Structure formats: C-alpha cells, structure tokens
Amino acid sequence: MRDIWNDLQNHHSHIKDRPIVDLFDVDGTRFSHFSTNAVDMVLDYSKTNMDGTARGLLFDLMRQTGVEAKRDAMFAGEKINDTEGRAVLHTALRNLAGVPIVLDGADVMPSVLQTLEDMKLFSSAVRDGTLTGVAGKPFTDVVNIGIGGSDLGPVMATAAMSPYHDGPRTHFVSNVDGADIHDTLKGLNPETTLLIIASKTFTTIETMANAQTATDWMKSALSVDDISDHLVALSTAADKTAAFGVKPERVFGFEDWVGGRYSVWGPIGLSLMLAIGGDDFVQFLQGAHEMDTHFKTAPMEQNMPMALAMVGVWHSNICGYATRAVLPYEQRLTRLPAYLQQLDMESNGKGVAMNGVDLPRDSGPIVWGEPGTNGQHAFYQLIHQGTRVIPCEFMVAQSGHEPDLAHQHELLQANCLAQSEALMLGRSVNEARALMAATDLTGDELERQARHRVFKGSRPSTTLIYPKLTPYTLGAIIALYEHRVFVEGVIWGLNSFDQWGVELGKVLATEMQGYVSGADAPDGKDGSTLGLLAALKP
Ligand SMILES: O=P(O)(O)OC[C@H]1O[C@H](O)[C@H](O)[C@@H](O)[C@@H]1O
C-alpha cells in the first residue's frame with residue numbers, strides 16, 4: 001500500500017522553511033482555494049503552510065483510511081464503537097425530520113422524537129410555572145448535577161446562549177469538592193429549586209455524592225421526606241434513577257449509543273432547554289443537523305469538518321506541533337475550550353489502533369484556549385515569540401447581540417484579525433531595527449533591543465467566521481468540531497468513542513478512599529503514595 005504519510009513528510013521537508021505569507025504571492029486567490037463555506041460560516045485555513053500538493057496528499061490519506069465510508073457507517077447506525085459494541089448516533093438526536101435510522105432491526109427515531117417532545121412539555125411547564133415544588137411555588141432555579149459530558153455541554157451552551165435566557169436561573173455543580181455544591185446551594189431557596197441529576201450511567205461517584213448532598217439539604221430545609229417534585233434524572237439507567245427516588249415521568253432517558261461527550265443534544269441538554277425554551281433548543285439541534293448534512297454530502301474539497309481535520313493532522317503529525325489553541329473572540333464561549341478538551345482529548349487521546357496494535361504515530365493533540373481578547377494579555381506572548389509553534393483556531397462573529405455596543409464588537413473583530421495577521425507576518429529584524437532607530441539607542445544596545453522585538457512569523461492559524469452566536473449557529477459550530485474529531489480519529493485509525501483511559505484512576509480512587517479515611521495501606525504501596533497519605537493527616 002502506498003505510504004502517504006511518508007509522502008507528506010517528504011513534501012513537508014521541502015516546503016517547511018517557506019514563509020506562509022509567500023503562498024499568497026504564488027497564488028493570489030489562495031483565500032478562496034483554502035477556505036470553505038458551510039451553514040452560513042466561513043472557515044479560512046489559508047494562513048497555514050499547507051499548499052495544494054499537501055492538501056492533495058491529505059485527501060488521498062482520507063480516502064485511504066476510509067473516512068467517507070466510516071462517516072456513512074456512523075450515520076447509518078453501524079456499531080463503529082467496537083470496543084464497547086455500540087453504535088454512535090448522537091446525530092439521531094438532531095434528525096428532526098425523523099428520517100428512519102434502523103438499529104438492531106428497529107427505527108430509533110420515534111423514541112428520540114418522543115423524548116424531545118417530553119422534554120419540551122416538561123420545560124414549558126416549569127417555565128410557565130404550572131409545575132411547582134412541594135410548597136406550590138414555581139421554580140426559579142435549576143441545579144444541574146453532573147460531570148464530564150453530563151456537565152460540560154450544558155454548561156458551555158448555557159453560557160453561550162445567555163441572550164436567549166428567559167427561563168429559570170441555571171446552576172451547574174460538577175466537582176466532588178464539597179465547595180462546589182456548598183457554594184451553589186448556599187444562595188438558593190429549596191422551595192423554588194429544581195434538582196437535575198444528570199448522569200448517563202447514574203453511578204459516577206462525584207455526581208452521586210453531590211446528588212445525595214443536594215437531596216439531603218432539600219429534605220432537611222423543607223422538612224419533608226418526599227422531594228420527588230423537585231427531582232429530575234437524565235440517564236440511560238432507569239432502574240438506578242427509580243432507586244434514587246426519581247418519579248418515572250421525571251426521568252428523561254437516552255440510549256447507550258449516545259456518548260457522554262456527545263450528549264448535549266438530548267436529555268442532558270435539559271438545563272439548556274429550561275433556560276432558553278424548547279423552540280430555541282430545536283434551533284440548536286437544527287444548526288447541528290445542517291452541519292451533519294453538509295458533512296455527509298459536501299465533497300471532500302468543500303467539506304468543512306474534513307478541512308479542519310486535515311489542518312489538524314497536518315499540524316500535529318507532519319509539522320510536529322503538539323498542541324492547538326482554540327481562541328473564540330466571543331466572551332460567551334468562555335467554556336468552549338473546556339468543552340472541546342473533553343470532546344477532542346477524551347475521543348482521540350488514544351495510543352492503540354482499532355486492531356489493538358500500538359499507533360505508529362501521535363494521535364490527539366493537547367487542546368487548550370481561552371476567549372480573546374483576554375488571552376492576548378496573558379499567554380499570547382508565548383504564541384508569538386515562544387520557541388514552540390502553536391497552531392491557533394480563531395473564531396469570531398459577524399455581529400454581536402449588543403447593537404448599541406457595535407463599536408466594541410468591531411474592536412473585538414479587529415483584534416481577532418490582527419492576531420492571525422501578526423502571527424503570519426511577524427516582524428523581521430530589519431523592521432525591529434527600524435523601530436529602535438526611532439529611539440535614542442545606537443550600536444550594540446540598539447541591536448540587543450531590536451532582537452527582543454523580532455517576531456519570527458509564519459505561525460499558522462485558522463479562522464472561523466459565523467453570523468451571530470444564535471442557538472442555530474452554536475449547534476453548527478459544535479457539530480463541526482464533533483465531525484472534525486471523528487475524521488481525525490478515522491485517519492489515526494483509533495476508536496474515538498470509548499474512554500478506557502479514565503477507568504484506572506476511578507478504580508484506584510475507590511480503594512484510596514479507605515486509606516484516606518484511616519485504614520492502613522497494604523505493604524508494598526509505593527513510597528510516594530504512602531508519604532502523601534501521611535502528609536494529608538492534619
Ligand atoms: O454521565 P456519567 O455516566 O455520569 O459520566 C460522566 C463522565 O464520566 C466518565 O468518567 C467519562 O470520562 C465521561 O465521558 C463521562 O461523560
């Protein structure tokens with residue numbers, strides 16, 4: 001079989017020293033060739049050193065690794081998560097037209113759409129005050145208790161959608177650190193608080209501990225034993241939710257073919273729906289569905305998730321950049337980097353191929369970031385002048401939600417574009433010398449000072465421009481990243497849909513709890529852990 005990886009490396013060795021900006025001289029229409037449109041958005045990847053040959057090889061790589069066939073298998077409900085024997089059908093949750101998706105001989109869509117209707121009815125009744133707590137008062141506050149995929153999706157999306165909030169206030173508790181639940185409940189009135197226990201498995205220790213604390217608080221504050229009017233569960237485990245005291249009609253279920261980090265589109269998104277209402281939530285699903293349709297039907301050359309994946313693989317494996325920064329110029333996307341960390345790093349942070357053999361090359365990169373412009377005043381120094389190259393993924397809206405502050409939105413946009421331009425252009429030593437020449441400095445001191453003001457440039461970035469951060473656009477952005485992660489996983493030949501790497505720590509934590517509580521650790525425990533156990537004793 002042709003070794004396309006090798007071809008890519010060879011090609012890269014020839015072009016790696018060519019400044020990115022020179023590519024625009026060679027091809028005056030580079031922007032139109034190295035950008036793509038989908039769902040009213042534009043993704044520009046012309047500010048990378050990928051050229052036509054590199055991209056052609058990356059297309060070949062996607063063909064050779066079967067990206068399109070795998071994509072079709074995912075949408076069709078094949079059990080592509082083969083270490084857990086599961087289908088991967090989060091896309092069914094936004095298949096609003098109900099086009100049948102058959103899994104094990106049955107169409108999954110009727111139950112998906114019924115659950116969506118149940119969620120809408122329930123959230124309307126909470127929002128309009130028809131449903132009340134034990135004291136007969138409407139709910140003013142909702143606390144979502146969950147962690148990982150049962151927290152990050154709703155917390156990210158709820159923050160992103162604040163202009164659309166017209167329901168109860170939403171709060172999120174995730175950390176097992178008692179400070180989290182304590183500080184959240186402290187300001188709440190139990191009579192008007194709804195507790196949502198969000199856990200796919202309903203066994204996650206953090207969530208169960210926080211749920212117990214919250215229900216104890218409510219029972220004691222309301223002086224009742226039955227607080228089921230204040231409880232909702234979002235889970236695949238109906239037996240466990242019943243044992244916890246949640247009424248069956250207050251359980252919004254989903255199936256094991258929705259991975260935790262892909263679950264915001266279904267019941268796990270209930271807190272978002274309570275905040276913004278059923279119609280806006282449906283818009284969120286609709287935007288994602290449009291991106292699904294684009295991903296399924298657009299040719300490779302115009303396919304936005306595939307373009308983003310190609311850039312990712314090029315930077316990670318061929319250029320050797322170990323991390324990528326996600327930099328939304330949108331304050332309301334403040335939790336997007338954390339959300340993408342789980343989506344990307346839990347999906348593609350794997351070392352073994354589907355067939356159980358060690359991967360021959362690096363897989364998922366380290367993902368991190370922070371909204372602009374805040375990051376500019378913190379870590380951009382390293383991105384501009386540090387010794388490591390960090391590909392940046394900028395994003396910014398055409399317009400904001402505050403028409404009277406349009407001038408600030410323009411400042412935001414200007415900063416976003418200025419950063420990617422500065423990263424690409426840099427500042428040469430001659431330009432730096434010219435800057436210094438305008439001061440009183442001369443000779444060696446001028447030279448020394450000039451050196452500190454040099455930007456090597458040719459630092460790569462992509463920029464995503466979207467119309468406005470509406471529910472529809474947010475859905476499209478998240479689906480774009482989901483599919484990007486999927487394509488990269490296929491190229492690397494790994495299973496993006498399991499997460500065995502989180503298990504060992506969980507097992508050891510259960511055992512460690514006994515030692516922290518005072519039981520003697522067995523002989524043979526490592527010296528560091530023994531030392532730390534001793535140090536924990538006040
Ligand atoms: O929803 P839950 O079953 O409580 O799981 C919550 C989270 O914990 C697990 O450890 C996984 O790493 C995540 O993928 C998951 O989203």
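Atoms within a ligand are numbered from 1 in the order they appear, just like the ligands themselves. Quantities reported herein were computed from a predicted structural model and do not represent experimental measurements.
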Please write down residue, atom name and distance for the protein heavy atom closest to atom 14 (O) of ligand 1.
Glu346 OE1, 2.6 Å
Charged N to carboxylate O under 4.0 angstrom, Asp344 versus Arg261?
no
Using a 4.0 Å cutoff against the non-hydrogen atoms of Ile147, which atoms of ligand 1 qualify?
6 (C), 7 (C)
Within 4.0 Å of some non-hydrogen atom of Ser150, the atoms of ligand 1 are 1 (O), 2 (P)
Test side-chain hydrogen bond (donor to acceptor under 3.5 Å, both in side chains) applied to Thr334 - qualifying residues, sequence neighbours left out
none
Nearest to atom 3 (O) of ligand 1, what protein heavy atom do you find, and at what distance?
Thr201 OG1, 2.6 Å
Touching ligand 1 at all, Lys506? Heavy atoms, strictly under 4.0 Å?
yes
Going by the rule side chain to side chain contact (heavy atoms under 4.5 Å, CB included), which residues pair with Met354 if we only count those two or more places apart in sequence or in a different chain?
Lys70, Asp82, Asn495
Suppose we measure from atom 5 (O) of ligand 1 to each protein heavy atom; which comes out shortest, and what is that distance?
Thr204 OG1, 3.5 Å
So the atoms of ligand 1 within less than 4.0 Å of a heavy atom of Val502 turn out to be 10 (O), 12 (O)
Heavy atom of Gln342 under 4.0 Å from ligand 1?
yes
Identify the closest protein heavy atom to atom 15 (C) of ligand 1: which residue and atom is it, and at what distance?
Gly149 N, 4.0 Å
d(Thr158 OG1, Arg335 CZ) to nearest 0.5 Å is 11.0 Å
Under 3.5 Å: donor-acceptor pair, side chain of Ser174, backbone of Gly146
no
Check the pair Asp498 / Thr83 against side-chain hydrogen bond (donor to acceptor under 3.5 Å, both in side chains), numbers first and verdict last.
CA-CA 7 Å; Asp498 61 12; Thr83 56; 2.6 Å; yes
Salt bridge between Lys247 and Asp229, side-chain N to carboxylate O under 4.0 Å?
yes
